[in-house]
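Index from 1, following the sequence. If you're wondering where the values come from, they're calculated on a predicted model, not measured in any experiment. Atoms within a ligand are numbered from 1 in the order they appear, just like the ligands themselves.
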Amino acid sequence: MLIKRASELTYADITPRGLYMGRRNFLLGLLAAGGAAAAWKKLPRLVSAAGTGSVPVKLNGVITGLKGPYTTDEKATSYNDATHYNNFYEFGTDKSDPAANATNFKASPWTVSVEGEVAKPRKFTMDEIMKLAPLEERIYRHRCVEAWSIVVPWIGYSFSALAKLAEPTSQARYVAFESYYDRRQMPWGAGSGIDLPYVEGLRLDEAMHPLTLLCVGMYGETLPNQDGAPVRMVIPWKYGFKSIKSIVKIRFVKKEPPTTWNIANAREYGFYSNVNPTVDHPRWSQAKERRLGEFLKRPTLMFNGYGEQVASLYAGMDLRKNY
Ligand code: MTE
């Protein structure tokens with residue numbers, strides 16, 4: 001196994017998809033692109049620029065084979081299931097919308113601003129984020145509040161690596177995250193029924209927990225647009241909606257920050273949203289889940305099976321009240 005530290009990686013280490021995906025698919029892609037270009041020439045000039053979407057590319061030098069809580073030995077969900085059935089309301093509200101509508105999303109150039117209660121506020125380019133710590137493949141269970149689940153080989157590193165560089169002050173008690181929102185690239189957002197930009201938050205100790213992943217890839221590649229390119233969070237013991245996509249701002253704050261689904265419906269979605277099979281959603285049970293690609297439902301595990309690592313974060317808290 002060749003291990004290259006992410007700090008030695010540059011975008012030049014990333015192999016363009018066309019060089020390693022099947023030659024046939026690549027040629028088909030060219031053919032389709034040629035057809036699209038021909039059609040484009042015939043279109044009236046209603047739109048100012050052609051789509052310049054981002055396509056996943058292979059990530060080299062990722063540390064694989066981790067053991068312990070960072071990797072479950074459960075079978076990973078197929079790439080197609082994990083990336084074609086999800087939520088990203090900026091691109092529509094159906095589970096198939098993100099994959100269908102995010103193809104032209106432009107995830108580069110990209111910067112993430114880290115600010116608020118920190119000694120060293122700064123903006124990170126994507127190149128800087130890719131090199132900030134060794135990239136690891138972590139195979140996590142991922143449980144959606146709507147009672148489906150997937151197992152995903154994510155790529156990234158603990159969020160704490162980035163946070164420590166900014167040096168949170170003693171005033172910082174929470175971390176607020178904000179997604180990119182551009183009405184032109186995401187016209188579906190306006191009819192999604194939620195306030196955008198999408199915002200999320202974690203208590204500082206949750207954010208600094210080693211399982212909390214700053215994620216830049218999945219299945220050996222950079223993130224596809226529908227999964228939150230170019231950078232997102234993954235918090236495996238919480239319901240999927242805490243895992244905010246396409247992040248542009250990270251703010252360390254004193255008070256519990258507002259979160260999108262809590263703003264939309266506070267009775268149904270709390271700030272903590274830890275996976276908890278004993279606390280039902282007001283409209284459905286959380287006791288079981290359907291793993292995508294499987295027929296029979298399986299029992300949902302407390303903290304999504306990460307209790308040994310994270311239960312102590314909530315010692316003494318009433319998890320019915322703090323849902
Ligand atoms: N992030 C943004 N910016 N917008 C969204 O609509 N949806 C959330 C979360 N992150 C969402 C988001 C919800 S409801 C879920 S279940 C997960 O993304 C699902 O996507 P995933 O399977 O790619 O994690």
Side-chain angles (χ1 to χ4, degrees), residues 56 76-102 105 107 110 112 138-156 176-183 185-202 212-219 221-250 257-265 268-270 273-275 281 284 286 289-293 300 304:
T77 304
S78 79
Y79 180 85
N80 200 56
D81 281 350
T83 59
H84 286 73
Y85 186 91
N86 62 7
N87 290 322
F88 198 166
Y89 273 41
E90 290 85 332
F91 294 106
T93 54
D94 281 351
K95 300 282 177 284
S96 57
D97 282 346
N101 295 336
F105 180 59
W110 196 270
V112 179
R138 300 201 188 167
I139 306 173
Y140 280 169
R141 287 180 290 277
H142 191 53
R143 167 62 156 84
C144 181
V145 74
E146 293 162 291
W148 44 273
S149 65
I150 48 182
V151 173
V152 181
W154 302 110
I155 296 169
F177 299 89
E178 188 176 311
S179 292
Y180 180 80
Y181 182 47
D182 172 8
R183 285 184 174 75
Q185 289 201 71
M186 300 159 155
W188 305 272
S192 68
I194 57 172
D195 289 351
L196 295 173
Y198 198 94
V199 288
E200 254 308 333
L202 294 170
T212 299
L213 185 74
L214 188 72
C215 173
V216 296
M218 63 197 293
Y219 295 88
E221 301 182 331
T222 55
L223 288 167
N225 294 336
Q226 68 266 30
D227 284 81
V231 57
R232 63 173 291 172
M233 296 298 292
V234 180
I235 306 109
W237 71 94
K238 292 180 178 283
Y239 291 120
F241 65 85
K242 298 293 289 182
S243 294
I244 184 171
K245 298 177 169 180
S246 304
I247 299 167
V248 287
K249 197 191 284 184
I250 298 169
T259 58
T260 291
W261 283 100
N262 185 255
I263 297 168
N265 190 337
E268 298 192 356
Y269 308 105
S273 295
N274 293 316
V275 174
H281 183 279
W284 60 80
Q286 293 293 23
E289 67 199 58
R290 189 181 305 286
R291 183 74 47 92
L292 294 190
T300 285
N304 205 20

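Every atom of ligand 1 is numbered from 1 in the order shown, and the set under 4.0 Å from a heavy atom of Gly240 is 9 (C), 15 (C), 16 (S), 17 (C), 18 (O). Those atoms of ligand 1 that come under 4.0 Å of a heavy atom in His142, given as number and element, are 21 (P), 22 (O), 24 (O).
Proximity of Tyr89 to ligand 1, defined as any heavy-atom pair under 4.0 Å, is shared by backbone and side chain alike.
For atom 2 (C) of ligand 1, the closest non-hydrogen atom of the protein is Tyr198 CG, 3.4 Å. Ranking protein heavy atoms by distance to atom 16 (S) of ligand 1, first place goes to Cys144 SG, 3.4 Å. In terms of protein heavy-atom proximity, atom 13 (C) of ligand 1 is closest to Phe241 CA, 3.5 Å. Summary of contacts: the protein heavy atom closest to atom 18 (O) of ligand 1 is Lys245 CE, 3.4 Å. In this structure, the protein non-hydrogen atom closest to atom 7 (N) of ligand 1 is Asn87 O, 3.5 Å.
Looking at heavy atoms from C-beta onward, Phe241 lies in side-chain contact with Glu200 at the 4.5 angstrom threshold. You'll find the side chain of Leu213 stays beyond 4.5 Å of the side chain of Ile235, heavy atoms only.
Not one N or O of Tyr85 is nearer than 3.5 Å to an N or O of ligand 1, by distance alone. For ligand 1, the polar-atom distance check finds an N/O of Glu90 within less than 3.5 Å of one of the ligand's N/O atoms.
Ligand 1 lies less than 4.0 angstrom from a heavy atom belonging to Arg232. The shortest heavy-atom distance from Ser243 to ligand 1 is under 4.0 Å.
Relative ring orientation between Trp284 and His281 is described as parallel, the plane-to-plane angle staying below 30° on a 0-90° scale split at 30° and 60°. Between Trp188 and Phe91, the ring planes lie tilted relative to each other; the angle falls in the 30° to 60° range.
Less than 6.0 angstrom separates the ring centroid of Tyr180 from the ring centroid of Phe105. Between Tyr181 and Tyr198, the ring center distance fails the sub-6.0 Å criterion.
Residue pairs that meet the salt bridge (Lys or Arg N to Asp or Glu O under 4.0 Å) test with at least one member in residues 87-102, sequence neighbours left out, are Lys95-Glu146.
Among Arg138, His142, Arg143, the single residue meeting the side-chain hydrogen bond (donor to acceptor under 3.5 Å, both in side chains) criterion with Tyr140 is Arg138.
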